[in-house]
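Working notes for the structure below.
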Amino acid sequence: MRKPPKTIGREETSFALSLIVSFGYSNGDSVPFQLSQPLTVPLRYFYPNSLCSQSMNDKSRHSTGQRKTNCIQMKTHKPISPFRLSSLLRLQKDPKLAFQLFLNPNPSSSKPPKPFRYSLLSYDLIISKLGRAKMFDEMEEILHQLKQETRFAPHEVIFCNVISFYGRARLPDRAFQVFDKIPSFRCKRTVKSANSLLDALLKCREFEKMAEVFVGIGNYGSPDACTFNILIHAACLCGDLDAAWDVFDEMQKRGVKPNVVTFGTMIYGLSLNFKLKEALRLKEDMVRVYMISPNASIYATLIKGLCGVGELNWAFKLKEEMVTNKVKLDSAIYSTLISALFKHGRKEEVSDILGEMEENGCKPDTVTYNAMINGHCQENDLESAQRLLDEMMAKGCKPDVISFNTIIRGLCKEGKWDKAKDLLEDMPRRGCPPDVVSYRILFDGLCEMLQLKEATSILDEMIFKGHVPRTESINKLVDRLCQGCNMELLWMVLKSLGRGNGMTVDTWARVVAFVCKEKLSEASNLIDSLIS
DNA sequence: ATAGGGTTAG
């Protein structure tokens, strides 16, 4: 395959070479796991519930009343078996309750408890649940317990998951620690956990550490397609497409065949860097040279890229190509197209697309609705946006935080700060608590509309909930309060900020400068009055 | 869930 001409002068160009040429890889020092105290909360309040929902699934022949009795009988007479614990863990949506259930499967038994023979599956389930919920102290506690088990050795995939949880949480050191400790669980490390570590480091943007891991990967096996795909992804995110092509060539030199993910990643990188022509050519070459057909995600990437450079008609042609090639159109494709139609002032065509989705049996999902909500908000049509929010709820499609944030921003833009505030306050009731972004949008909006009193009170609320506004926004508010000599609100803002550790040097400097100026003018006034 | 796609935001 023909490589594109090299561009020079980029710092990241050395990316791939540094990966391949660098020397020595040393294991990080082992650090003991942090343990938290096991919780001892009575469990009987939620047990019957879990058991009932289980027996409902069992298509019980009994009436509801009898079913209830069954639950209670099971609770009082039959202790939970390791097998049953796994199915209960699967059903328990709340990670906190699942954690307590795991620690104490049979709380009601009065006899001294025999050691519970946990199954490997139940470890797997609870660890994944806690990891997804970012309850890392609890997860480490379970890992510690798993390490003591002598009946079996855990599978490597558990550690792969744990490493990727830490990667997603941007905790690269923790990811490293887990990787180092795998052997102490009597589990062998292969290229799989090394790949997980590489990917976790990528998510943390720790490119140098990635290079170290890659250099030492031979200790765990030969790098496979997955390894190289992660490296390609890293190079693409650095904007270093030359490096990406280098890895692409290098893997083949080492006898590793690119797969559909490799091409997807390359095409993603090219599109991300606005090299649509090259991306489209690679899509042709993967079929012609490598005999691998593009899948729906590759089409989604290309369609998004084409829409991004205004080539909507070309994007629609690709959608038709999918039909010809019998690649199933999914909601991601339609969401991208709908979003593009709004952006290019062609919203009249959206209803056609929705009709086509319906014909193809493809239901609009949350992302599709969000694209439309955003489209209406961009056009300052907040009524339509709010109507869509209600419609999706009515159709059983759960709005997410993005749905709400988009509308809150739209309302702020329209100057309807009280409605924006109402919507934010209504979010918990609608099953979607506001996040940092929700608060930041509202806070910025209130400052913009000079609703400084409201802004101050929202600031206090968000800090109370552990969310910090952007420094620029704080400074803007502080400046405005200084300008207006609003000492009362300024004082409240400083109090809130102090509580949340939200004061930066910059903010302090502003306040100090203001106070000094005030004092200074007070002083000069005093002098003036003395002189005269 | 060892690697890849779509909506927002800042």
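Letters go in sequence order (proteins before strands), and every chain restarts at 1. Since this is a predicted model, take the numbers as computed values, not measurements.
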Donor/acceptor link under 3.5 angstrom from A:Asp444 side chain onto base of B:dG10 | no
Assess the side chains of A:Ser438 and A:Asp435: does a donor N or O sit below 3.5 Å from an acceptor N or O?
-> yes
Integer angstrom distance from the C1' of B:dT2 to that of B:dG6 | 23 Å
Counting just side-chain N and O atoms, does A:Asn374 come under 4.0 Å of either OP1 or OP2 of B:dT7?
-> no
May I ask you to test the A:Ile338-A:Leu354 pair for a side-chain heavy-atom distance under 4.5 Å?
-> yes
Do A:Leu272 and A:Lys304 have side-chain heavy atoms sitting under 4.5 Å apart?
-> no
Salt bridge A:Lys319-A:Glu356, side-chain N to carboxylate O under 4.0 Å = yes
Nearest to side-chain heavy atoms of A:Arg132, which nucleotide of B:dA3, B:dG5, B:dA1 | B:dA1
Protein-nucleotide distance (A:Asp365, atom CG; B:dG6, atom P), rounded to Å = 13 Å
Atom CG of A:Leu388 and atom P of B:dT8 are separated, to the nearest Å, by 14 Å
Interatomic distance, A:Leu318 CG vs B:dG5 P [rounded to whole Å] | 18 Å
Among B:dG5, B:dG6, B:dT8, the one nearest any side-chain atom of A:Thr406 is B:dT8
Give the nucleotide from the list B:dA1, B:dA3, B:dG6 with an atom nearest to the side chain of A:Asn161.
-> B:dA1
Please confirm whether any donor atom in the side chain of A:Asp330 sits under 3.5 Å from an acceptor in the base of B:dG5, or the reverse.
-> yes
Of the nucleotides B:dG10, B:dT7, B:dA3, which has the atom closest to the A:Arg470 side chain?
-> B:dG10
Measure from CG on A:Asn259 to P on B:dA3 and round the result to the nearest Å.
-> 12 Å
Counting side-chain heavy atoms from C-beta on, which of B:dA1, B:dA3, B:dA9 comes nearest to A:Arg168?
-> B:dA1
Separation of B:dG5 P from A:Met322 CE (nearest whole Å) = 15 Å
Spacing between A:Leu125 atom CG and B:dA1 atom P, to the nearest angstrom = 13 Å
Separation between the C1' atoms of B:dA3 and B:dT7, rounded to whole Å = 23 Å
Side-chain N or O of A:Arg409 less than 4.0 angstrom from OP1 or OP2 on B:dT8?
-> no
Side-chain donor-acceptor contact under 3.5 Å, A:Ser457 with A:Asp460 | no
Compare the minimum distances between each of B:dA3, B:dT7, B:dT2 and the side chain of A:Lys304, then state the nucleotide with the smallest one.
-> B:dT7
How long is the line joining NZ of A:Lys413 and C1' of B:dT8, in whole Å?
-> 12 Å
For B:dT8, take OP1 and OP2 only and decide whether either is under 4.0 Å from a side-chain N or O of A:Lys343.
-> yes
Sub-4.5 Å side-chain heavy-atom contact between A:Ser193 and A:Ile182 | yes
Report the nucleotide, chosen from B:dA3, B:dT7, B:dG5, that has the shortest atom-to-atom distance to any side-chain atom of A:Tyr268.
-> B:dG5
Nucleotide of B:dA9, B:dA3, B:dG5 approaching A:Gln378 most closely (side-chain heavy atoms) = B:dA9
Separation of atom CD1 in A:Ile158 from atom P in B:dA1, rounded to whole Å | 14 Å
